[in-house]
Amino acid sequence: MAEMSPTSLWTNRAIFGLFAFFLIIIQLVPLDTRPPTWAPPDILLAMTLVWVARRPEYLPVYIVAAIFLMTDLLFQRPPGLWAALVVILTEAIRKRSHEFRSLPLVAEWGSVALGIVLITVANRLIMAVTMTPQAPLGLTLIQMASTIVIYPIAVFIAHALFRVSRHTPGDIGTRARI
C-alpha cells in the first residue's frame, strides 16, 4: 500500500471526532427522567479502543485526551480522571497494536477487556479514596460488562462503516508501527 496522505489521515481523524461528538450528543439527550436501572455500554470507549488497536495513527493521544476530557466535563465526572485512565489504556493498546495484526479477534478482545476492567477498577478506587460520590457498583459493573460485550460489534461497525481495519504486513503508513 502506498503511504497514507496527510489529507486521508486528517480525514479519518475528523470522522472519528464527528462520530465521538454524535455519541456524546446522544448520551446528553434526556430520553427518560426516571433513575436508571441499568447502564448502557460506553460506546465511545469501545470505538476508541477499536480505532487505537486497529489503526493507531488515526487517533493520536491528544485527540483521545481532548475528547475524553470534554466528556468528563459534560457528564460531570471528576475532570481528567477518566480521561487520564483512558489515555493510559489507549497508549498501552497502541504499543501492542502491531501484535494484534497476527492475533485472532478473541485475543484482541481479551486484551481490551482486561484493560477496561483495570481502568474501571482504578476509577472506582481513586474515587473511593478521594471520597467522591459514585454511581452504584451494580451500574458500574453492568456498564463495564456491556462495554466488553459490544467490543466485537464495535469492531464490525468500525470496519463496515469507517473502513478501519487491521494493518497487514505489507502496509506502510505515514506513522505505522510495523
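The structure places CG of Asn12 at 5.5 Å from CH2 of Trp51, a figure rounded to the nearest 0.5 Å. Once rounded to the nearest 0.5 Å, the distance linking CG of Leu44 with CG of Leu49 reads 9.5 Å. For the atom pair Ser146 OG and Asp42 CG, the distance stands at 8.5 Å (nearest 0.5 Å).
Annotation: salt bridge (Lys or Arg N to Asp or Glu O under 4.0 Å) contacts involving residues 129-157, sequence neighbours excluded, are absent.
Hydrophobic clustering of Ile, Leu, Val, Met, Phe, Trp and Tyr side chains at less than 4.5 Å, counting indirect connections, keeps Ile119 apart from Leu114. In the hydrophobic cluster analysis, where Ile, Leu, Val, Met, Phe, Trp and Tyr join through side-chain heavy atoms closer than 4.5 angstrom, Leu161 is grouped together with Leu23. Neither Trp38 nor Leu141 shares a network with the other; the hydrophobic side chains, linked directly or stepwise wherever heavy atoms of I, L, V, M, F, W or Y lie under 4.5 Å apart, form separate groups for each. By the criterion of side-chain heavy atoms lying less than 4.5 angstrom apart, applied directly or through intervening Ile, Leu, Val, Met, Phe, Trp or Tyr residues, Leu139 is not grouped with Ile43; the two fall into different hydrophobic clusters. Grouping the Ile, Leu, Val, Met, Phe, Trp and Tyr side chains by contacts below 4.5 angstrom, directly or via other members, places Leu118 apart from Ile142.
Side chain of Arg96 to main chain of Glu108: no donor-acceptor pair is present (N/O by atom type, distance under 3.5 Å, no hydrogens or angles). Looking only at distances, a side-chain donor or acceptor of Arg94 sits under 3.5 Å from a matching main-chain atom of Leu59. With Ser165 contributing its side chain and His159 its backbone, the two residues share no donor-acceptor pair below 3.5 Å. Panel note: side chain Arg55, backbone Val52; no donor-acceptor pair is recorded below 3.5 Å. Between the side chain of Ser8 and the backbone N or O of Ser5 there is no donor-acceptor pair closer than 3.5 Å. Within the 3.5 Å criterion, the main-chain N or O of Arg166 finds no donor-acceptor partner in the side chain of Arg101.
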Q | side chain to side chain contact (heavy atoms under 4.5 Å, CB included) between Thr140 and Gln134, worked out | A | CA-CA 9 Å; Thr140 303; Gln134 301 183 48; 5.8 Å; no
Q: Before giving the answer on side chain to side chain contact (heavy atoms under 4.5 Å, CB included), spell out for Trp109 and Ile148 the whole-Å C-alpha distance, their side-chain angles and the decisive distance to 0.1 Å.
A: CA-CA 8 Å; Trp109 188 13; Ile148 291 169; 3.8 Å; yes
Q: Run the numbers on Ile157 and Met47 for side chain to side chain contact (heavy atoms under 4.5 Å, CB included), then give the verdict.
A: CA-CA 9 Å; Ile157 290 170; Met47 290 301 286; 4.2 Å; yes
**Q.** Test side chain to side chain contact (heavy atoms under 4.5 Å, CB included) applied to Leu137 and Arg124, step by step
**A.** CA-CA 9 Å; Leu137 179 62; Arg124 296 273 313 176; 3.8 Å; yes
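In this structure, the ring of Phe16 has its center no less than 6.0 angstrom from the ring center of Phe162.
Closest approach of Arg13 to Pro60, counting heavy atoms only: NE-CD, 3.4 Å. Closest approach of Met127 to Thr130, counting heavy atoms only: O-OG1, 3.3 Å.
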For residues 64-89, run the donor-acceptor check on the side chains, cut-off 3.5 Å, and write out each pair with its distance to 0.1 Å, sequence neighbours left out.
residue : atom : partner : partner atom : Å
Thr71   : OG1  : Phe68   : O            : 2.7
Thr71   : OG1  : Arg77   : NH2          : 2.8
Asp72   : OD1  : Arg77   : NE           : 3.0
Asp72   : OD1  : Arg77   : NH2          : 3.2
Asp72   : OD2  : Gly80   : N            : 3.0
Asp72   : OD2  : Ala83   : N            : 3.2

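Val106 belongs to no hydrophobic cluster with other residues, because no ILVMFWY side-chain heavy atom falls under 4.5 Å from its own, directly or through intermediates.
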